[in-house]
Amino acid sequence: AAAVPPAPISACKVATHRGGWTLSCLTTAKDGSRVRLFKHGHLVDSGRVRDGGFRVHSRGPVSDHVVEVGKGTRLDL
């Protein structure tokens with residue numbers, strides 16, 4: 001069986017708002033794929049891919065976070 005390559009994450013934008021921020025990205029992962037946002041190794045938000053994109057929310061420095069889409073695709077922010 002051939003290994004499935006990780007789905008790329010692209011076109012990420014961070015929108016700040018009172019009390020935190022929202023990260024919006026595009027991905028080639030299948031709709032319904034799980035998206036998880038970690039801060040220092042702890043899960044802080046999760047969601048699903050919908051229409052080729054996803055959004056997650058958190059607070060604190062963006063650089064402390066990591067996004068994981070499906071299995072194996074990680075993006076250090």
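Count residues from 1 along the sequence.
In the hydrophobic cluster analysis, where Ile, Leu, Val, Met, Phe, Trp and Tyr join through side-chain heavy atoms closer than 4.5 angstrom, V66 is grouped apart from V14. Hydrophobic clustering (side-chain heavy atoms under 4.5 Å, transitive across Ile, Leu, Val, Met, Phe, Trp, Tyr) keeps L26 apart from V56. When the side chains of ILVMFWY residues are joined at heavy-atom separations under 4.5 Å, either directly or via intervening members, V69 and L75 end up in a single hydrophobic cluster.
Nearest heavy atom pair, residue V62 against residue L77, reads O-CB, 3.4 Å.
At least one donor-acceptor pair closer than 3.5 Å links the side chain of H65 to the backbone N or O of P61. In this structure, the side chain of S33 does not engage the main chain of V49 through any donor-acceptor pair within 3.5 Å.
Residue pairs meeting the salt bridge (Lys or Arg N to Asp or Glu O under 4.0 Å) criterion with at least one member in residues 23-43, sequence neighbours excluded: R36-E68. Here salt bridge (Lys or Arg N to Asp or Glu O under 4.0 Å) pairs that include residues 50-60, with residues two or more places apart or in two chains, number zero.
Contact of the F54 side chain with the V67 side chain is registered, since non-hydrogen atoms from C-beta on lie closer than 4.5 Å.
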Under 3.5 Å donor-acceptor pairs involving side-chain atoms of residues 15-24, not counting sequence neighbours:
from: H17; atom 1: NE2; to: T22; atom 2: OG1; distance (Å): 3.0
from: W21; atom 1: NE1; to: G60; atom 2: O; distance (Å): 2.8
from: T22; atom 1: OG1; to: H57; atom 2: ND1; distance (Å): 2.9

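Of the inter-residue distances, the one linking F38 atom CZ with S58 atom OG reads 12.0 Å to the nearest 0.5 angstrom.
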